[in-house]
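For reference, the structure discussed in these notes is given below.
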Amino acid sequence: MIIPNHNYEKTLRACLESVYAQTLRPLDVVVVDDASTDGSRDIARAFPCVLVARPENGGVSAARNLGVAASSGQVLFFLDSDIALAPDAIENAVDLLMDDPETGCVHGVLDPEPLFDDGPVEVYHCLHAHFWRRRSAGVVGTAFFALAAIERSVFEATGPFDENLRDSEDVEYSDRLAATHRIRLSERVTGRHDDVDRLLPMLAEQYRRSQLLVPVAAVERRRGGGLRANRTGGVLAAGLVPLTLPLALLTPWLLAVPLACAAAFALADVGLSRFVARRKGWPFLLRFTALHFAVHLALVLGAVAGGVRWLVDPRFGPSVRGRRARSDDPAPAAAP
């Protein structure tokens, strides 16, 4: 069990309590504290786990790689410190791996209810995260290592996480992993997530994460087959709303264009809307749709910004591109 942590004292205790309450107890539990400044390390020390304390923050990829090196199990279970596992999550993940030798990784579906309910923004995030994962359950092209099990031999053959990536590291890793093994997303492996609960931090997070979408996609060896959290039509419709809104300055009649784009966005994922309405009622669906629209705008803006940054900075994005860029640099001149 490998748990990267950075300033998650709010959830780390619940996370570790869920680990030690499993029907199949892990051989060892390694908490990699990534230079936390809160009380996380004291919480970890209250449990019989191995605590690896980093003096400087290196990001989740570096923390996971360090956790692998400090662990000894033949099945590596990666768990983010803001998730509390269902009691049978580890047992079910190991069973799924053992039942199919061609499956190299099993990852889970997050619960629709948050670990700690801190308001509508968090409820929105948890509902959406649960729905699109559940809809995609089965053999998939992407693994998310917030809640995932992989055999050590498979991990070693695939290689470590790209430590140049602090976001989208799952997607880049999955591109390498899926070339040799199946990836399975299963509803039998579940956990409750404590997500971001304020609007502006949520939008900032989505903007930051989406900046790596273009760089990671550009170096993928495989094309297609990856998981998609949002409908492509909805993303395009959301992006067109602000682009077409200035048309109304020409004539009020052209206000119909951005309104039509907004309507297209609202109707882009009817299944999601029905799911939210069943869980929380139609009034909450209106709030959910507004939040969903704001998230889509942040994703579009982040992807555009990341694409521009990728074009002008060859060292931005996955390490494989940085290595290519460094190899293209002119050799230093010989000393006179």
> Does one side chain, of Ser81 or Asn5, offer a donor that lies under 3.5 Å from an acceptor on the other?
Replying inline: yes
> Are any of the side-chain heavy atoms of Leu212 and Phe316 separated by less than 4.5 Å?
Replying inline: yes
> With distance as the sole test, does Arg54 use its side chain to make a donor-acceptor pair with the main-chain N or O of Glu56 at under 3.5 Å?
Replying inline: yes
>> Ring centroids only, cut at 6.0 angstrom: are Phe293 and Phe288 within range, meaning strictly under it?
In response: no
> Is there a donor-acceptor pair under 3.5 Å between the side chain of Ser36 and the backbone N or O of Asn7?
Replying inline: yes
>> Side chains of Asn65 and Glu163: any donor to acceptor distance under 3.5 Å?
In response: yes
> Any donor-acceptor pair under 3.5 Å linking the side chain of Thr289 with the backbone of Ala266?
Replying inline: no
> Judged by modelled atom types alone, do Ser186 and Asn92 share a side-chain donor-acceptor pair under 3.5 Å?
Replying inline: no
>> Set out, in order, the CA-CA distance, both residues' side-chain angles and the distance that settles salt bridge (charged side-chain N to carboxylate O under 4.0 Å, His left out) for Asp100 and Arg182, then state yes or no.
In response: CA-CA 9 Å; Asp100 181 8; Arg182 287 179 186 156; 2.7 Å; yes
> Do you reckon Met98 sits in the same ILVMFWY cluster as Leu96, going by side-chain contacts under 4.5 Å, direct or chained?
Replying inline: yes
> Under 3.5 Å, is there a donor-acceptor pair between the side chain of Glu205 and the main chain of Pro201?
Replying inline: no
>> Before you tell me yes or no, could you show the steps for Leu110 and Thr190 under side chain to side chain contact (heavy atoms under 4.5 Å, CB included), namely the whole-Å CA-CA distance, both residues' side-chain angles and the distance that decides it to 0.1 Å?
In response: CA-CA 5 Å; Leu110 296 172; Thr190 63; over 6 Å; no
> Does any donor atom in the side chain of His128 or Asn230 lie under 3.5 Å from an acceptor atom in the other side chain?
Replying inline: yes
> Is it the case that Arg64 places NZ or CZ above or below the six-membered ring of Phe145, under 6.0 angstrom from the centre and within 45 degrees of the axis?
Replying inline: no
> What is the distance from atom CZ of Arg209 to atom CD of Gln211, rounded to the nearest 0.5 Å?
Replying inline: 13.0 Å
> With Met1, which of Ile90, Val75, Val50 fulfils side-chain contact (heavy atoms from CB on, under 4.5 Å)?
Replying inline: Ile90
> Between the side chain of Asp313 and the main-chain N/O of Arg315, is any donor-acceptor distance below 3.5 Å?
Replying inline: yes
>> With a 4.5 Å cut-off on side-chain heavy atoms, are Leu177 and Cys105 touching?
In response: yes
> Taking the six-membered ring for Trp, are the ring centroids of Phe161 and Phe78 within less than 6.0 Å of each other?
Replying inline: yes
>> Side-chain heavy atoms nearer than 4.5 Å, only ILVMFWY residues, links allowed to pass through others: does that put Val29 and Ile43 together?
In response: yes
> Rounded to the nearest 0.5 Å, how far apart are NE2 of His296 and CZ of Phe265?
Replying inline: 4.5 Å
> Out of curiosity, Phe275 CZ to Leu285 CG, how far, rounded to the nearest 0.5 Å?
Replying inline: 12.0 Å
>> According to a hydrophobic-cluster definition based on side-chain heavy atoms being under 4.5 Å apart (Ile, Leu, Val, Met, Phe, Trp, Tyr only), do Leu272 and Tyr124 belong together?
In response: yes
>> In the structure I gave you, are the side-chain heavy atoms of Leu115 and His193 within less than 4.5 Å of one another anywhere?
In response: no
> Any donor-acceptor pair under 3.5 Å linking the side chain of Glu169 with the backbone of Asn164?
Replying inline: no
> From Ile150 CD1 over to Phe77 CZ, what is the distance, rounded to the nearest 0.5 angstrom?
Replying inline: 12.5 Å
>> We want to know whether Glu91 and Thr23 form a side-chain donor-acceptor pair, criterion being a heavy-atom distance below 3.5 angstrom.
In response: yes
> So which pairs with a foot in residues 185-194 pass salt bridge (Lys or Arg N to Asp or Glu O under 4.0 Å), sequence neighbours left out?
Replying inline: Lys10-Asp194, Asp111-Arg192
>> As an exercise, state the distance from CD of Glu9 to CG of Asp33, rounded to the nearest 0.5 Å.
In response: 11.0 Å
> Backbone N or O of Phe144 within a donor-acceptor pair of the His107 side chain at under 3.5 Å?
Replying inline: yes
> Testing Val171, Asp162, Asp175 for side-chain contact (heavy atoms from CB on, under 4.5 Å) with Val216, which one passes?
Replying inline: Val171
> Heavy-atom distance under 4.5 Å between the side chains of Phe131 and Asp269, does that happen here?
Replying inline: yes
>> Can you tell me how far apart CG (Asp99) and CZ (Arg184) are? Round to the nearest 0.5 Å.
In response: 9.5 Å
> Within the distance-only criterion (no hydrogens, no angle test), does the side chain of Arg176 pair as donor or acceptor with the backbone N or O of Pro160 below 3.5 angstrom?
Replying inline: yes
> If we ignore angles and hydrogens, is there a donor and acceptor under 3.5 Å between the side chains of Arg152 and Ser71?
Replying inline: yes
> Hey, is Asp167 close enough to Arg208 for a salt bridge, meaning N to O under 4.0 Å?
Replying inline: yes
> If you count the non-hydrogen atoms of other residues, nucleotides and ligands that lie under 6.0 Å from OH in Tyr173, is the total more than 12?
Replying inline: yes
> Do Leu165 and Pro318 come close enough that some side-chain heavy atom pair is under 4.5 Å?
Replying inline: yes
>> Any heavy-atom pair between the side chains of Asp80 and Ile83 that's under 4.5 Å?
In response: yes
> Distance only, no hydrogens: is a donor on one side chain within 3.5 Å (strictly under) of an acceptor on the other, for Asp195 and His125?
Replying inline: yes
> Is it true that Arg13 and Glu17 make a salt bridge, defined as a side-chain N closer than 4.0 Å to a carboxylate O?
Replying inline: no
> Within the side chain of Ser18, is there an N or O that forms a donor-acceptor pair under 3.5 Å with the backbone of Leu85?
Replying inline: yes
> Judged by atom type as modelled, is there a donor-acceptor pair below 3.5 Å linking the side chain of Asp34 to the main-chain atoms of Gly59?
Replying inline: yes
